[in-house]
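Below: one structure, written as structure tokens.
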Amino acid sequence: MTARDFSCPVARIRRHGTMKSERYNAREAEPRWQKIWEERGIFRTRNDDPRPKYYVLEMFPYPSGRIHMGHVRNYTIGDVIARYMRAMGNNVLHPMGWDAFGMPAENAAMANKVHPKKWTYENIAAMKAQLKSMGLSLDWSRELATCDPSYYRHQQKLFLDFMQAGLVERKTSRVNWDPVDQTVLANEQVIDGRGWRSGAEVEARELTQWFFRITKYSDELLKAIDGLERWPEKVRLMQKNWIGRSEGLLARFALAPKGAPKNFDEIEIFTTRPDTLFGASFVALAPDHPLAAALALRDPKLAAFIEECRRTGTAQELIDKAEKKGVDTGLRAIHPFDPKWELPVYVANFILMEYGTGAIFGCPAHDQRDLDFARKYKLPITPVVVPADADPKTFKIANEAYDGDGRLANSRFLDGLGIAAAKEEVAKRLEKETRGNRPVAKRQIHYRLRDWGISRQRYWGCPIPVIHCEDCGIVPVPEKDLPVVLPEDVDFDRPGNPLDRHPTWKNVSCPRCGKRALRETDTMDTFVDSSWYFIRFTAPDAKTPTEPKAERYWMPVDQYIGGVEHAILHLLYSRFFTRAMKATGHIDIDEPFKGMFTQGMVVHETYRKADGTYVELAAVKFEAEGSERRASLASSGEKLEIGPIEKMSKSKRNTVDPDDILSTFGADTARWFMLSDSPPDRDVIWTEDGVQGAYRFVQRLWRLTNELAEFAAPANAARPSTFSADAEDIRKAAHGALAHVSEDIQRLRFNRSVAHIYELANALTASLNGLRATGGKISTDLACAVREAADILIRIAAPMLPHLAEQCWEALGHKTLVADEPWPVLEPGLLVEEMITLPVQVNGKKRADVSIARNASDQEVEAAVLALEAIQRTLDGRVPKRVIVVAQRIVNVVV
RNA sequence: GCCGACGUGGCGGAAUGGUAGACGCAUCGGACUUAAAAUCCGUUGGGAGGGAAACUUCCCGUGCAGGUUCGACUCCUGCCGUCGGCACCA
């Protein structure tokens with residue numbers, strides 16, 4: 001039995017750290033190179049550089065106080081691209097800033113009595129130091145924080161310009177209201193329908209709020225997705241579905257007069273399935289529908305139901321998952337094609353006022369929600385679309401609605417038509433029919449996308465720069481009075497908005513009439529802050545929100561990188577904002593992000609005690625018995641269960657602090673690990689073994705470089721006219737790796753770049769072993785090949801291991817910085833082999849290989865294949881029907 | 001519930017419709033060492049067989065069930081499982 005202790009990497013490193021003096025000491029080297037980069041200002045970017053521009057940006061962090069592994073991954077990816085693009089001869093913009101407004105600062109203020117501003121700026125300072133220790137090639141001179149008046153004053157100006165351009169609107173919307181704390185709650189603050197702090201049951205409340213009219217651009221935002229070629233397909237799809245364009249019919253259903261309240265003689269419904277009109281069995285209204293409200297005045301049961309629906313909260317998921325319920329209003333709607341056909345009118349909890357008209361006709365046979373509802377209230381279920389392979393007479397709906405293709409049935413004049421034709425026929429007929437001088441129906445395009453509510457009843461956000469005057473109404477704050485600065489003397493003793501209860505801040509005189517007036521106390525959604533920071537980076541000190549020359553030079557962002565969790569909202573809002581800024585003359589582009597990349601999460605094992613509580617990694621002791629790993633509590637020896645691998649989070653106690661990794665192993669090890677193994681768009685599992693492996697490679701590359709340096713020709717040696725076969729092999733390995741790594745970085749497949757660097761290191765190690773056998777005396781051409789390979793190796797590793805690469809570059813005798821070096825030039829001729837080996841299949845199964853000249857004709861290949869002994873044996877006398885030769889790939893003999 | 005993605009050895013993963021398992025981790029064996037660590041060299045999908053050995057032959061295998069194709073991890077249909085988003089977390 002071998003028991004091994006994994007628990008203390010620090011101790012292990014200290015132990016062997018004293019053994020050999022030639023170890024690479026990251027702790028000493030990394031700050032030294034960082035200082036040199038900074039002193040020489042090599043990552044400072046100028047707006048007037050003649051080289052081609054390249055703008056690479058990672059989503060800026062919320063200053064929580066400490067970076068987490070997700071940041072390490074995000075910024076490593078961006079940094080590799082930035083350094084590679086710089087080596088490729090581009091003027092690279094790679095800035096960093098802080099998404100510094102938001103709820104956590106206010107929560108901290110309430111919990112610890114720290115002012116949000118102090119808390120935020122202290123966090124920024126701490127995180128900045130951590131980011132600096134990662135060795136990122138950032139231009140810190142462009143740093144910005146969204147909570148700084150020098151940033152948000154321009155955001156206020158943009159708001160005012162948007163207002164002028166008709167892109168801002170005030171209307172009501174529902175919020176989660178905590179009746180005890182007297183405050184608006186975010187969805188994440190509502191737990192099981194109750195306020196997180198007070199525990200009170202949450203109510204829906206209508207509030208008048210500020211909105212950006214993103215829906216003005218629904219169609220434009222949708223269409224332009226097709227032009228976003230360098231975006232992940234899944235993100236484009238998600239955005240398309242989020243905008244949710246649907247073509248449908250707006251139809252007026254007359255109400256039977258009995259019981260209908262005054263001013264209500266019809267219900268307007270929106271449907272995307274007019275073809276199923278003869279399958280209708282009820283009409284349903286949203287609980288917020290005006291007719292529902294009117295009926296509730298005299299129907300206590302209905303009023304109670306509407307009240308109940310309000311307690312579901314505002315989150316879509318909860319509304320969808322709630323059991324389908326409704327109340328029969330007693331009203332009857334008349335079928336548009338049959339005056340004698342009456343449909344019951346319900347108010348139902350699954351109908352949304354925000355979508356369409358807030359009213360639908362229910363067709364249970366072909367919509368699952370309608371089916372669930374119909375079963376519950378025993379409403380008729382008539383299939384009207386029948387799949388091609390079913391008999392219309394016997395086709396029945398069981399537990400699942402049928403939403404597939406088919407022919408119309410049970411639908412009078414529509415019978416036999418396809419779905420599209422039936423839709424068309426219904427629309428045509430109802431459009432022609434009129435009631436009260438208006439057509440009974442009209443075609444309409446609907447979008448799922450709703451306007452963007454930006455009002456927040458909170459302190460730590462950008463103040464909305466308007467004034468409410470009794471006489472003049474809503475008056476924009478004059479530009480000369482910008483910024484509207486947040487007052488600093490606020491208290492967080494009570495929940496609710498400190499701005500609203502501030503004694504003086506909101507009292508102002510109306511800019512128009514001079515009368516006493518009130519300042520708006522809502523602040524902006526933090527998504528507004530992050531919707532244009534990437535443009536501000538192009539001219540962070542400009543007196544206006546943007547500087548046209550800088551914006552035109554740098555935008556759009558060539559490569560944007562961030563978590564997939566932002567795939568919809570942040571990116572869509574930014575796309576809208578870009579259009580709105582163009583409409584108001586601030587910029588000249590439509591799309592902000594030419595290339596988009598969404599990285600996966602960082603996940604880690606979890607450890608639990610028998611009682612189910614989580615234990616943090618530092619407290620766990622591991623033992624390996626054969627291939628089995630066991631975990632126990634280091635302090636008591638209590639057995640622990642090694643649980644599933646989950647996203648790093650405080651609650652699961654499975655976080656790894658980047659600071660520990662950086663100070664123990666160094667930034668290069670952390671970066672290398674982040675890039676190894678997992679493709680960047682998938683989750684990466686943080687493992688202690690993996691980090692050890694990355695650390696070993698850092699040391700190995702350092703040793704290898706020093707050994708190569710012993711054999712390598714001087715840095716300035718003349719290139720020989722010919723190379724021996726051995727020398728050529730070394731060069732082939734180097735240029736092969738160069739070709740792969742270049743392509744893989746461009747395609748953001750860093751795990752493959754890493755693999756190819758390993759391969760080159762392995763090949764050079766093997767070559768070194770051969771060279772050593774010669775007793776250290778090698779020919780000039782070999783020495784030159786070693787020099788060439790070593791220089792390539794270090795330069796292609798440099799974007800990923802920037803500190804180590806500098807150290808190695810120096811060890812190879814260079815006086816320059818590798819960060820300033822151009823990318824190596826590929827010799828494509830070295831990648832072409834004269835003889836190639838093709839796999840040979842018989843009926844798709846590999847049976848042999850054939851070696852043949854690269855330029856052999858198909859006939860020659862076929863002849864060579866059929867002559868192979870192994871193929872003859874497999875054929876066993878059978879005559880091939882076909883021989884498929886895929887040039888330079890494979891041969892398949894079909895019998 | 002709706003939308004989107006993912007599923008390959010013991011593990012992370014590789015593979016323009018063309019040799020499944022590159023590369024790494026872990027494992028096992030060897031060298032070095034008094035010993036260990038580190039390092040270096042080698043080994044490893046599962047099963048069955050042949051050979052003294054270097055080696056070699058066959059079968060199975062990419063979540064499950066089908067389909068298209070000369071050929072499928074890859075494309076199509078249906079299912080199962082895991083993860084992300086759902087408009088006030090950022």
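Not measured: the values here are computed from a predicted model. Order of the sequence lines sets the chain letters (A, B, ...), proteins ahead of strands, with each chain counted from 1.
- Across all strands shown, Gln189(A) has no heavy atoms under 4.0 Å from either base or sugar-phosphate atoms.
- Nucleotide G1(B) holds its P atom 11 Å from the CD atom of Glu400(A), rounded to whole Å.
- Sequence order on RNA chain B of the closest nucleotides to Asp525(A) and Ile890(A) puts Ile890(A) first from the 5' end.
- At the heavy-atom level, Pro679(A) lies under 4.0 Å from the strands shown only through sugar-phosphate atoms.
- The phosphate of G4(B) has OP1 or OP2 within less than 4.0 Å of a side-chain N or O from Asn241(A).
- The base of C88(B) is paired with the side chain of Arg458(A) by a donor and an acceptor separated by under 3.5 Å.
- Side-chain N/O atoms of Arg889(A) and base N/O atoms of U16(B) include a donor-acceptor pair closer than 3.5 Å.
- Closest to the side chain of Arg696(A), out of A26(B), C88(B), A22(B), is A26(B).
- Residue His566(A) contributes atom NE2, which lies 11 Å from atom C1' of G85(B) at whole-angstrom precision.
- Contact annotation: Arg456(A) side-chain N/O to C88(B) OP1/OP2 distance is under 4.0 Å.
- Using a 4.0 Å heavy-atom cutoff across all strands shown, Lys321(A) reaches at least one base atom of the nucleic acid.
- Phosphate proximity of A15(B) to Arg752(A): present, with a side-chain N or O under 4.0 Å from OP1 or OP2.
- For a distance-only test at 3.5 Å, the side chain of Asp677(A) qualifies as a donor-acceptor partner of the base of G12(B).
- Of the two residues contacting RNA chain B, namely Gln368(A) and Arg700(A), the nearest-nucleotide position lying further toward the 5' end is that of Gln368(A).
- Note on Arg682(A): a side-chain N or O is less than 4.0 Å away from OP1 or OP2 of G7(B).
- Put simply, the side chain of Glu759(A) and the base of C23(B) share no donor and acceptor less than 3.5 Å apart.
- Ion pairing between Arg752(A) and Glu743(A) fails under the 4.0 Å rule for side-chain N and carboxylate O.
- Using a 4.0 Å heavy-atom cutoff across all strands shown, Ser455(A) reaches at least one base atom of the nucleic acid.
- Across all strands, Asp681(A) comes closer than 4.0 Å to no nucleic acid atom at all (heavy-atom distances).
- Spacing between atom CG of Asp689(A) and atom C1' of G10(B) amounts to 12 Å, rounded to whole angstrom units.
- Within the 4.0 Å cut-off from OP1 or OP2 of C41(B), at least one side-chain nitrogen or oxygen of Asn769(A) is found.
- For the pair Ile568(A) CD1 and C89(B) P, the interatomic distance rounds to 14 Å; values are reported in whole Å.
- Comparing G12(B), U39(B), A87(B) by their nearest atom to the side chain of Ser678(A) picks out G12(B).
- Summarising the geometry, the separation between CE on Met59(A) and P on G85(B) is reported as 13 Å, rounded to the nearest angstrom.
- Among U57(B), G4(B), C23(B), the nucleotide with an atom closest to any side-chain atom of Leu237(A) is G4(B).
- The side chain of Asn751(A) has G13(B) as its nearest neighbour among A87(B), G13(B), C89(B).
- Taking side-chain N and O atoms only, Arg749(A) has a distance below 4.0 Å to OP1 or OP2 of A15(B).
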